[in-house]
Amino acid sequence: MKIAVCIKQVPDSWAEKKMGSDQRLDRASVDAVLNDLDEYAIESALALVEAHSPTGEVGEASGHSITVISMGPERATESLRKALSMGADDAILINDDALTGSDALATSKVLAAVILAGGYDLVLCGTESTDARMSVIPAMLAERLGFAQLTFAGKVALNGTTVNISRQTEFGVEEMSAELPVIISVVEKINEPRYPSFKGIMASKKKPLVTKSLTEIGILPADVGSAAAWSTVKDSLPRPPRGVGVKIIDDGNGGSQLVSFLAERKLI
Amino acid sequence: MSSVLILVDSVGGKVSKSTAEIATFGRRIGSVIAVVCSSDAAIIVPQLADLAIDRTITCTGVEFEKFSTGAVASALAALVTKESPTAVLIASSARGKEIAGRLAVRINSGIITDAIDIDSELIATQSVFGGSTTVHSVVTHGTPIITIRGNAVEAFHASPGTNAPVHEDFSVSYDGAGGADRAAVLSVAPAVKGGRPELTEASMIVSGGKGTDGNFAPVEALADALGAAVGASRAATDAGWYPHSFQVGQTGKTVSPQLYIAAGISGAIQHRAGMQTSKTIVAINKDPEAPIFDVADFGIVGDLFTVLAQASAGVIAKKS
Ligand SMILES: Cc1cc2nc3c(=O)[nH]c(=O)nc-3n(C[C@H](O)[C@H](O)[C@H](O)COP(=O)(O)OP(=O)(O)OC[C@H]3O[C@@H](n4cnc5c(N)ncnc54)[C@H](O)[C@@H]3O)c2cc1C
Ligand SMILES: Nc1ncnc2c1ncn2[C@@H]1O[C@H](COP(=O)(O)O)[C@@H](O)[C@H]1O
């Protein structure tokens with residue numbers, strides 16, 4: 001089986017983020033890390049392969065492969081290397097100046113093209129990127145690829161060519177099933193991502209990591225990037241700081257003072 | 001006159017509060033056409049009569065529950081062609097965003113998610129980076145698809161009998177039904193409903209964290225005194241003290257109530273990402289340095305058990 005995992009490099013979620021003069025996130029000013037929610041997708045891929053490998057290990061002997069795919073700038077190779085050091089087999093970065101400013105429609109178009117060309121049967125994603133926070137890429141990929149959509153999975157099992165997941169939605173706990181090819185997004189409750197081992201880090205340096213341009217994946221520059229972004233930010237402003245809050249130390253009357261505060265704000 | 005399509009959201013045949021809210025936004029833009037894609041349509045449509053809705057359309061011919069969000073996106077796409085609306089508005093639930101994303105691909109249109117406001121010119125307001133920045137965006141291509149967060153507006157309700165939306169059925173088919181969308185829902189164990197309001201719909205929430213040490217009784221007592229929903233931090237849900245569906249935060253629910261009370265919650269960035277846009281925030285924590293105090297309008301440094309107990313008694317006394 002050929003598995004693809006879509007991962008994104010994002011600004012560190014602990015860093016203070018601000019908008020640049022071009023009304024886009026000022027990425028240069030913050031540290032970049034692998035989107036932590038995508039680590040769960042990588043771990044799921046590794047666990048699936050280990051469960052279906054004759055040796056219990058990932059890699060060539062397993063008869064399966066895991067490719068990590070990212071669209072982003074050159075420095076996203078850091079995140080791809082991290083995934084390789086966790087155990088993925090190879091990596092593809094789609095990097096092209098024309099991609100700057102791409103919206104979710106363009107991102108999904110690019111990722112779909114790479115997934116189709118690679119002939120993957122099972123695609124794993126995180127549930128959201130901590131910077132864009134749209135949670136739309138997996139559904140868009142399912143729509144573009146015509147793969148079955150199994151999103152927000154809290155459990156994933158593969159049986160032959162059938163994938164079963166269970167997930168928590170507003171309707172309750174749903175058990176779902178689909179035949180390959182499928183696109184799955186996993187929630188962070190699904191597993192505990194492993195740390196790359198020293199051996200894994202050394203091995204990752206020799207694993208293939210290819211960078212592709214738009215031409216190489218057959219997409220026209222005019223179809224992506226800021227000119228083809230079909231929503232634009234008109235303006236942005238730092239949220240007015242919350243009026244300086246009151247902080248009291250409970251002297252035995254804290255609960256009553258809270259009630260007075262709520263009454264003052266007409267909340268009760 | 002311009003029209004707006006809104007997608008009716010319901011759980012177990014009950015129309016959710018978000019539907020009333022997106023209808024209210026829709027009226028700012030044009031006449032509102034509410035679209036029902038559910039086998040419970042017969043009991044859903046009557047519940048729409050008093051909302052800011054001018055027409056209702058039930059999509060027939062597809063058993064929507066059998067498919068993923070692709071079937072609903074396909075029905076909406078057909079209605080966009082038929083009605084040429086100015087915009088499509090959908091609730092910002094996980095499901096709502098998936099439908100919006102698939103619809104955007106299908107009709108080749110721009111999409112904005114998690115708006116907290118929209119004006120008559122379709123300028124959407126979003127709160128990004130964990131609430132630290134406010135952004136105004138517009139869709140520049142196709143039929144704007146905008147998903148809207150809960151509690152962003154006071155929903156309009158007509159006095160009973162004064163509003164009479166015109167109803168029609170619209171027959172749709174789904175191209176994914178044969179092959180592509182074969183994800184089958186095998187079973188659904190419905191969420192157990194307590195007497196408390198739904199987390200994402202509640203106008204008040206009292207949340208408990210690790211500091212409760214597993215004892216949610218005082219959190220629930222204050223919630224019940226206020227008529228509020230109960231929420232929890234991930235530390236509390238991971239410990240099994242409260243079900244995962246009550247988790248607030250980046251990987252739980254994003255909430256924006258009038259009042260959010262955090263008791264025994266430190267205020268990690270992942271928690272704040274889900275509650276920072278609440279109108280009024282109260283924090284109770286014994287650690288004066290806890291980061292939750294940075295976003296609190298009213299902070300109490302103290303023991304949550306004594307503070308909550310006293311507050312519950314005070315609220316009950318005030319209300320009676
Ligand atoms: C990928 C990822 C996703 C995550 N998603 C979420 C999410 O969606 N939601 C979420 O909440 N977290 C999330 N987290 C976890 C988050 O980072 C924190 O670990 C979590 O929010 C901590 O929960 P807490 O505040 O209850 O516990 P702690 O951080 O342990 O804080 C407990 C607080 O209680 C106080 N306290 C203890 N006893 C008392 C007492 N008697 N009276 C008053 N105060 C007391 C302490 O001073 C302390 O500040 C995520 C983490 C990761 C890595
Ligand atoms: N630029 C990207 N490259 C690769 N995968 C991505 C990219 N953006 C988003 N994804 C995937 O889509 C998921 C949802 O992201 P989003 O829709 O941006 O919230 C992420 O968890 C990733 O798995």
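With a threshold of 4.5 angstrom between heavy atoms, A:Leu145 does not approach chain B through any atom at all. In this structure, the portions of A:Val233 lying under 4.5 Å from any heavy atom of chain B include both its backbone and its side chain. Residue contact with chain A, scored on non-hydrogen atoms closer than 4.5 Å, involves the side chain of B:Ser93 exclusively. Both the backbone and the side chain of A:Gln257 come within less than 4.5 Å of a heavy atom of chain B. Using a 4.5 Å cut-off between heavy atoms, B:Leu103 does not touch chain A at all. A:Leu237 touches chain B through backbone and side chain together, each having a heavy atom under 4.5 Å away. Contact annotation for A:Asp235: both backbone and side-chain heavy atoms come within less than 4.5 Å of a heavy atom of chain B. With a 4.5 angstrom heavy-atom cutoff, A:Ala229 touches chain B only via backbone atoms. At a 4.5 Å heavy-atom cutoff, the contact between A:Thr232 and chain B is made by backbone and side-chain atoms alike. Only the side chain of A:Ile268 comes within less than 4.5 Å of a heavy atom in chain B; its backbone stays farther off. Proximity to chain B is absent for every atom of A:Leu141, based on heavy atoms less than 4.5 angstrom apart. Neither the backbone nor the side chain of A:Asp251 has a heavy atom closer than 4.5 Å to any heavy atom of chain B. If you measure heavy-atom distances from A:Leu150 to chain B, the contacts under 4.5 Å come from the side chain alone.
Annotation: side chain of A:Phe261 is in contact with side chain of B:Asp297 (closest heavy-atom distance under 4.5 Å). In this structure, the side chains of A:Lys234 and B:Val135 stay at 4.5 Å or more apart for every pair of heavy atoms. Residues A:Ile248 and B:Val301 fail the side-chain proximity criterion, which asks for heavy atoms closer than 4.5 Å. Residues B:Thr254 and A:Arg133 form a side-chain contact, since some pair of their non-hydrogen atoms from C-beta on lies under 4.5 Å apart. The side-chain heavy atoms of B:Gln250 and A:Glu188, taken from C-beta on, include no pair separated by under 4.5 Å.
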Quiz item: Given B:Glu98 and A:Gln149, is the side-chain hydrogen bond (donor to acceptor under 3.5 Å, both in side chains) satisfied, shown in steps?
Solution: CA-CA 10 Å; B:Glu98 288 187 350; A:Gln149 174 193 325; 2.5 Å; yes
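If you check the side chains of A:Glu175 and B:Ser187, you find no donor sitting under 3.5 Å from an acceptor. Side-chain contact, A:Lys189 with B:Gln247: a donor N or O sits under 3.5 Å from an acceptor N or O.
By the side chain to side chain donor-acceptor pair (under 3.5 Å) test, B:Ser18 is found to be paired with B:Ser16, residues two or more places apart in sequence or in another chain being considered.
A salt bridge (charged side-chain N to carboxylate O under 4.0 Å, His left out) check over residues 137-156 of chain A, counting only residues at least two apart or in different chains, returns the pairs A:Glu143-B:Arg102, A:Glu143-B:Arg106.
Smallest separation of non-hydrogen atoms from B:Gly101 and A:Met140: O-CG, 3.5 Å. In terms of heavy-atom proximity, B:Gln258 sits nearest to A:Leu267 at CB-CD2, 4.1 Å. Closest approach of B:Pro288 to A:Lys247, counting heavy atoms only: O-NZ, 2.8 Å. Closest approach of B:Ala311 to A:Leu258, counting heavy atoms only: CB-CD2, 3.9 Å. For the pair A:Ser236 and B:Thr133, the tightest heavy-atom approach, listed with the atom from each and the gap, is CB-CG2, 4.2 Å.
Of residues 303-310 of chain B, those residues lying under 4.5 Å from chain A by any heavy-atom pair are B:Thr306, B:Val307, B:Gln310. Among residues 114-122 of chain A, no residue has any heavy atom closer than 4.5 Å to a heavy atom of chain B.
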